[in-house]
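Proteins get letters first, then strands, A, B, ... in listed order; numbering begins at 1 in each. This one's a predicted model, so the numbers in the text were calculated from it and none came from an experiment.
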2 protein chains.
Amino acid sequence: MILREIFAKNVRLARKHKGLSQEDLAFESGLDRTYISCLERCVYSPSLDAVEKLAAAFELEPYWLLMTPAEQEQSEMAEEDPA
Amino acid sequence: MILREIFAKNVRLARKHKGLSQEDLAFESGLDRTYISCLERCVYSPSLDAVEKLAAAFELEPYWLLMTPAEQEQSEMAEEDPA
DNA sequence: TTGTGACTCCAAGTCCGTG
DNA sequence: ACACGGACTTGGAGTCACA
């Protein structure tokens, strides 16, 4: 899978997970609504600046948005477990 | 630290680690020699396409290039330990 | 609420060279 | 082998109207 697609899916996933509309996310990240729409449909390959802004809006680390689901699970297992 | 800088440092590190010159890396990744120079000096914010090409040249996962040294160590500890 | 076409504008990215 | 410059083309960045 191409990196652009992985990113697109992660953005859509993270956005849904936060219960945000594209418009909400546009506001949070300071990007344009239609631009977000384009990213989620793989029209553009975003620059790292855009990746950074979205990650900040999601309160996630930028690299997380480039990980496949399998890689994300792996990295979650490495985290602290404050039972 | 801004994402662009993290990326720049990781590229330079990975390149040195592989013993490649900027010219070699340009050839391997299909990107321009001067562009690589710009990336390592934080002049540009690369698109995900460029990130992907460089990661492929390094035989690394793209997300690794966005991780801070600390995060990279964490993720390495999650890997198999074939001692 | 989102997708899409049309439209700017400028940074990304290439190619030429120099010190 | 690398930093850095100018000149150029491509495509990302950003906005609007409309289905």
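- Computed from coordinates, the Leu25(B) CG to dA1(D) P distance equals 13 Å when rounded to whole Å.
- Between the CG atom of Asp24(A) and the P atom of dT1(C) there is a distance of 7 Å, rounded to whole Å.
- Within a 6.0 Å sphere centred on CD1 of Ile2(B), heavy atoms belonging to other residues, nucleotides or ligands number 12 at most.
- Protein atom CG of Leu31(B) is 14 Å distant from nucleotide atom C1' of dT10(D), rounded to whole Å.
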Can you list the steps and then say if Thr34(A) with Asp32(A) is a side-chain hydrogen bond (donor to acceptor under 3.5 Å, both in side chains)? CA-CA 6 Å; Thr34(A) 61; Asp32(A) 193 76; 2.6 Å; yes
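- Ser29(A) pairs by the side-chain hydrogen bond (donor to acceptor under 3.5 Å, both in side chains) definition with nothing, not counting sequence neighbours.
- A donor-acceptor pair shorter than 3.5 Å cannot be found between the side chains of Arg33(B) and Ser37(B).
- The separation between Ile36(B) atom CD1 and dC15(C) atom C1' is 15 Å, rounded to whole Å.
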What does the list of N/O pairs under 3.5 Å between the protein and nucleotides 2-8 of chain D look like, with a distance for each?
{"from": "dC2(D)", "atom 1": "OP1", "to": "Arg15(B)", "atom 2": "NH1", "distance (Å)": "2.8"}
{"from": "dC2(D)", "atom 1": "OP2", "to": "Gln22(B)", "atom 2": "N", "distance (Å)": "2.6"}
{"from": "dA3(D)", "atom 1": "OP1", "to": "Arg12(B)", "atom 2": "NH2", "distance (Å)": "2.8"}
{"from": "dA3(D)", "atom 1": "OP2", "to": "Gln22(B)", "atom 2": "OE1", "distance (Å)": "3.4"}
{"from": "dA3(D)", "atom 1": "OP2", "to": "Gln22(B)", "atom 2": "NE2", "distance (Å)": "2.7"}
{"from": "dA3(D)", "atom 1": "OP2", "to": "Ser37(B)", "atom 2": "OG", "distance (Å)": "3.1"}
{"from": "dC4(D)", "atom 1": "OP2", "to": "Arg41(B)", "atom 2": "NH1", "distance (Å)": "2.9"}

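- Between the C1' atom of dG12(D) and the CG atom of Asp32(A) lies a distance of 13 Å, rounded to the nearest Å.
- If you check every strand for non-hydrogen atoms under 4.0 Å, Gly30(B) touches sugar and phosphate atoms only.
- Computed from coordinates, the Leu39(A) CG to dG12(D) C1' distance equals 10 Å when rounded to whole Å.
- Counting only Watson-Crick or G-U wobble pairs whose defining distances are both under 3.5 Å, the stems of 3 or more consecutive pairs in DNA chain C are C:2-15 with D:6-19, C:17-19 with D:2-4.
- Whole-Å rounding puts the Glu52(A) CD to dA11(C) C1' distance at 16 Å.
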